[in-house]
Amino acid sequence: MKKHQLKVQNSLTRKKEIFEPLHDGKVGMYVCGPTVYSDVHLGNCRTFVSFDVIYRYLKYLGYKVRYVRNITDVGHLVGDVDTGGEDKISKKARLEQLEPMEVVQRYMNGFHEMMTVFNTEKPDIEPRATGHIIGQIKMVQDILDRGYAYVKNGSVYFDTLKFAKDYPYGELSGRKIDELIAESRDDLKGQGEKNNPSDFAIWIKAEPTHLMRWESPWSVGFPGWHLECSVMSTKYLGKHFDIHGGGNDLKFPHHENEVAQNYGACDCAPAKYWLHTNMLLMNGKKMSKSDDNSITPQQLFTGDSKHVSKGYSPMTIRFFMLQSHYASTLDLSDDALSAAEKGYKRLTEANKVLQAMQPDPAAKAGDLDKEISDLIDLAHAEMSDDFSTPRAIGRLFELSAKINGLKGGQLNKKDLSAETLELLKTTFTDFIYTIFGLKDEDAGGSDNGVTDSLMQLIIDMRKTAREQKDWGTSDKIRDALKEAGVQLKDGKEGTEWSLV
RNA sequence: GGUCGGUUGGCCGAGCGGUUAGGCAGAGCUCUGCAAAAGCUCGUACAGCGGUUCAAAUCCGCUACCGACCUCCA
């Protein structure tokens with residue numbers, strides 16, 4: 001099979017580029033993780049599912065990937081430093097009368113559980129900001145030494161004006177420093193200690209009531225939010241690494257300032273490729289914790305929300321997410337979810353049929369063989385084109401029609417070579433499980449095949465009834481099973497069943 | 001207000017200058033004892049108005065909506 005060149009949409013250049021890792025065969029990828037001050041919501045999950053697929057696909061292509069995804073457990077403020085911003089973790093701890101680390105542990109656990117439910121692979125390193133305070137202090141010092149920051153009353157601010165003279169500040173987010181300054185003229189809000197409104201804190205002096213605090217050369221305080229990512233990506237992936245990812249909403253100011261800090265500290269650009277996932281919408285608006293336009297994964301599973309008519313399984317939701325491109329917005333709706341649910345079932349059923357299929361001994365490669373090989377090749381090409389899961393899924397559906405056609409006798413198995421059948425099988429397995437990270441949910445598993453035996457017995461009894469043209473009995477069996485949620489499927493080679 | 005992005009058939013969602021995306025729903029046909037499942041076929045979508053081109057959903061301009069970022073958010 002031809003190997004397709006991987007292309008990625010680089011936010012930094014706003015172009016789709018051929019992916020070339022800095023070190024042959026290896027990829028370093030840093031993704032901004034969650035701030036663990038409350039339950040994850042579905043929007044977070046979408047981003048991490050997107051990067052999970054990217055991680056999986058890179059590995060599938062044979063790269064040795066180091067995937068670093070941080071946990072922000074300090075430094076992320078509510079509001080601005082100057083306007084009395086409070087650390088999110090600290091605030092939650094104060095409100096719930098918990099230790100800050102208790103808050104962190106609680107929501108980090110919840111986050112991990114949800115990531116498991118969505119079947120995402122664990123990152124190779126999951127560093128936490130509080131574990132890297134020394135590194136952060138060091139970087140603040142480096143930035144100060146190189147003249148891109150200044151100290152004010154124990155806090156340290158990044159000097160964006162100075163920086164912008166030497167480097168292109170705003171490159172990533174498309175901001176212009178002049179406009180950022182100009183904006184402030186209209187905005188009469190107090191600038192506080194900052195020399196310029198576009199400056200940002202890299203070390204913050206802690207108020208006496210502040211729970212999380214560390215000694216530093218400038219004050220007892222805590223690091224600025226953007227700093228942790230600069231420090232931890234550098235520590236684990238090097239000064240210059242391959243991929244930096246995160247949600248679209250982090251582009252500015254978070255990622256922009258991260259870049260500035262890296263240049264500021266060591267004159268080096270952190271990532272070669274910046275990948276940004278787009279937002280999950282609900283009712284046409286960004287799903288957001290701040291307003292109530294948000295649904296928790298749990299609510300979606302149980303259907304306990306005004307936004308859905310019923311519950312949807314984690315894999316249905318994962319599949320739903322993969323049906324759109326990671327860089328497009330995705331609008332969550334009940335209709336879309338139930339369509340995804342049926343589509344997902346169609347795909348998994350086709351896969352079951354496929355895996356049970358045996359090649360025809362007299363098989364010869366014909367037109368059908370080529371059609372199928374071409375579709376397989378296309379599916380790979382789609383994935384290599386900026387991880388286009390929706391198009392790859394489209395190809396899999398086209399292949400599903402072929403599979404069902406072979407099974408139903410509309411297509412002839414003689415036209416499909418054993419090699420291509422085998423390739424088709426591995427393709428489905430690779431895509432569904434390895435790359436898309438979907439997993440079987442209805443596998444009852446623990447009843448030692450009792451269900452299968454029972455079903456076989458019932459199917460046999462119905463078969464006998466049908467042979468005797470006892471339609472009353474056979475239809476009663478069929479209808480009663482349907483009522484119980486079991487779908488009988490009469491085919492050329494006998495009857496099969498599946499859960500509805 | 002500034003910057004950027006979007007507007008595709010009943011619903012979701014690809015598409016980045018010429019070719020059927022795909023899924024769900026719907027219609028017809030085949031198969032079936034009747035169904036279901038499955039297969040095949042079909043609906044003549046591209047916000048509006050201009051322009052460029054042999055050719056535009058796709059490029060350019062204007063208009064209208066919608067959204068994101070600019071302040072914490074994946």
Side-chain angles (χ1 to χ4, degrees), chain A residues 14 16 31-35 37-38 40-51 76-80 83 85-86 88 170 173-176 179-180 182-183 186-187 189 198 225 245-254 276-281 284-290 294 319-320 323-325 327-344 346-347 349-350 353 378 382 388-398 400-411 466 469 471 474-475 478-479 482 487-492 495-498 500:
Chain A
R14 266 150 260 218
K16 200 180 274 184
V31 172
C32 288
T35 302
Y37 69 101
S38 70
V40 267
H41 73 99
L42 207 62
N44 295 287
C45 296
R46 186 204 183 189
T47 290
F48 301 126
V49 164
S50 296
F51 282 108
H76 203 159
L77 301 184
V78 182
D80 201 6
T83 52
E86 188 175 6
K88 286 192 170 188
S173 59
R175 270 338 107 127
K176 293 189 178 63
E179 286 167 6
L180 288 171
E183 239 166 62
D186 310 326
D187 183 1
K189 262 197 293 186
S198 57
W225 171 36
N248 218 191
D249 49 358
L250 294 182
K251 236 192 225 175
F252 189 89
H254 184 58
H276 285 99
T277 58
N278 216 133
M279 298 296 103
L280 182 64
L281 310 182
K285 291 230 167 71
K286 177 181 172 180
M287 198 181 275
S288 168
K289 282 192 254 195
S290 341
S294 159
F319 181 78
F320 167 73
Q323 270 191 305
S324 76
H325 187 79
S328 301
T329 53
L330 172 61
D331 204 342
L332 188 90
S333 71
D334 199 40
D335 286 347
L337 279 168
S338 76
E341 183 175 55
K342 286 176 186 153
Y344 178 48
R346 175 174 161 79
L347 188 64
E349 290 295 317
V353 167
L378 273 171
E382 312 285 26
S388 185
T389 52
R391 277 186 280 149
I393 288 173
R395 300 307 175 186
L396 256 39
F397 274 119
E398 290 180 69
S400 296
K402 304 287 182 211
I403 291 164
N404 289 326
L406 286 162
K407 158 104 175 169
Q410 293 91 347
L411 294 172
R466 293 179 75 202
K469 297 201 192 306
W471 310 128
S474 72
D475 288 356
R478 181 219 281 157
D479 297 344
K482 176 103 190 183
Q487 171 82 63
L488 288 183
K489 296 190 262 196
D490 294 326
K492 288 259 186 298
T495 300
E496 288 169 11
W497 65 278
S498 69
V500 177

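Each chain gets a letter, A, B and so on, in the order its sequence line appears, and its residues count up from 1.
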If you compare all heavy atoms of [X] against all heavy atoms of [Y], which two are closest, and at what distance to 0.1 Å?
| X | Y | result |
| --- | --- | --- |
| A:Leu378 | A:Arg395 | CD1-CZ, 3.7 Å |
| A:Phe48 | A:Cys32 | CE2-O, 3.4 Å |
| A:Ser294 | A:Met287 | CA-CG, 3.6 Å |

Output every pair passing salt bridge (Lys or Arg N to Asp or Glu O under 4.0 Å) with a member in residues 328-340 of chain A, not counting sequence neighbours, ordered by first then second residue.
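Passing the test, one end in residues 328-340 of chain A: no pairs.
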Within the 4.0 Å heavy-atom criterion, would you say [X] contacts the bases, only the backbone, or no part of the nucleic acid?
| X | value |
| --- | --- |
| A:Gly247 | sugar-phosphate |
| A:Glu341 | nothing |
| A:Ala401 | sugar-phosphate |
| A:Gly246 | sugar-phosphate |
| A:Glu382 | nothing |
| A:Leu280 | base |

Quick check on RNA chain B: between A:His41 and A:Gly491, whose nearest nucleotide comes earlier from the 5' end?
A:Gly491
Comparing A:Gly284 with A:Gly405, nearest RNA chain B nucleotide closer to 5' gives the residue A:Gly405
Report yes if the ring of A:Phe48 lies under 5.5 Å from the six-membered base ring of B:A74 with planes under 30°, and no otherwise.
no
In 5'-to-3' order, the base (B), backbone-only (S) or no-contact (-) status of each nucleotide in nucleotides 10-15 of chain B, using a 4.0 angstrom heavy-atom cut-off, is -SSSSS
For [X], give me all partners under side-chain contact (heavy atoms from CB on, under 4.5 Å), at least two apart in sequence or on another chain.
| X | answer |
| --- | --- |
| A:Ser474 | A:Arg462, A:Ala465, A:Arg466, A:Trp471 |
| A:Lys489 | A:Glu349, A:Gln487, A:Ser498 |
| A:Thr277 | A:Thr47, A:Ser50, A:Phe51, A:Tyr326 |
| A:Asp249 | A:Met279, A:Lys286 |

Could you tell me how far apart [X] ([atom1]) and [N] ([atom2]) are, to the nearest whole angstrom?
| X | N | atom1 | atom2 | value |
| --- | --- | --- | --- | --- |
| A:Arg175 | B:A68 | CZ | P | 14 Å |
| A:Ile393 | B:G23 | CD1 | C1' | 9 Å |
| A:Arg395 | B:U20 | CZ | P | 11 Å |
| A:Gln410 | B:U41 | CD | C1' | 14 Å |
| A:Met279 | B:A74 | CE | P | 9 Å |
| A:Arg46 | B:A68 | CZ | P | 14 Å |
| A:Arg478 | B:G33 | CZ | P | 11 Å |
| A:Asp490 | B:A35 | CG | C1' | 9 Å |

hbond_proxy A:Asn278 side chain to B:A68 base (donor-acceptor, 3.5 Å cutoff)
no
Is the base of B:G67 touched by the side chain of A:Asn248 through a donor-acceptor pair closer than 3.5 angstrom?
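Side chain to base: no pair below 3.5 Å.
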Pairwise [atom1] distance for [N] and [M], with rounding to whole Å:
| N | M | atom1 | value |
| --- | --- | --- | --- |
| B:A36 | B:C31 | C1' | 12 Å |
| B:A27 | B:C4 | C1' | 43 Å |
| B:U58 | B:A25 | C1' | 28 Å |
| B:A56 | B:U19 | C1' | 14 Å |
| B:U8 | B:A45 | C1' | 6 Å |
| B:A55 | B:G51 | C1' | 15 Å |
| B:U20 | B:A64 | C1' | 32 Å |
| B:A47 | B:G5 | C1' | 16 Å |

Going by purine N1 to pyrimidine N3 plus the second Watson-Crick contact, or the G-U wobble pair, all under 3.5 Å, which nucleotide sits opposite [N]?
| N | answer |
| --- | --- |
| B:G17 | none |
| B:G43 | none |
| B:C24 | B:G10 |
| B:G2 | B:C69 |
| B:A56 | none |

Does A:Asp475 pair with A:Arg478 as a salt bridge, N-O distance under 4.0 Å?
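Looking at A:Arg478 together with A:Asp475, the answer is yes, because their closest N to O distance falls below 4.0 Å.
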Show, in sequence, the C-alpha distance, side-chain angles and deciding distance for A:Asp490 and A:Thr495, and conclude whether the side chain to side chain donor-acceptor pair (under 3.5 Å) test is met.
CA-CA 4 Å; A:Asp490 294 326; A:Thr495 300; 2.7 Å; yes
On the nucleotide [N], are OP1 or OP2 found under 4.0 Å from the side-chain N or O atoms that [X] carries?
| X | N | result |
| --- | --- | --- |
| A:Lys407 | B:A38 | no |
| A:Lys342 | B:G23 | no |
| A:Asn44 | B:A74 | yes |

Does B:G17 sit syn or anti, given that only angles within 90° of 0 count as syn?
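Nucleotide B:G17 adopts anti.
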Side chain of A:Pro253 (C-beta onward), nearest among B:C70, B:A74, B:G22:
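Among the listed nucleotides, the one closest to the side chain of A:Pro253 is B:C70.
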From the options B:C24, B:A68, B:A36, select the nucleotide whose nearest atom is closest to the side chain of A:Arg346.
B:C24
Any side-chain to backbone donor/acceptor pair from A:Arg391 onto A:His325? Under 3.5 Å, distance only.
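Side chain of A:Arg391 to backbone of A:His325: no pair is present.
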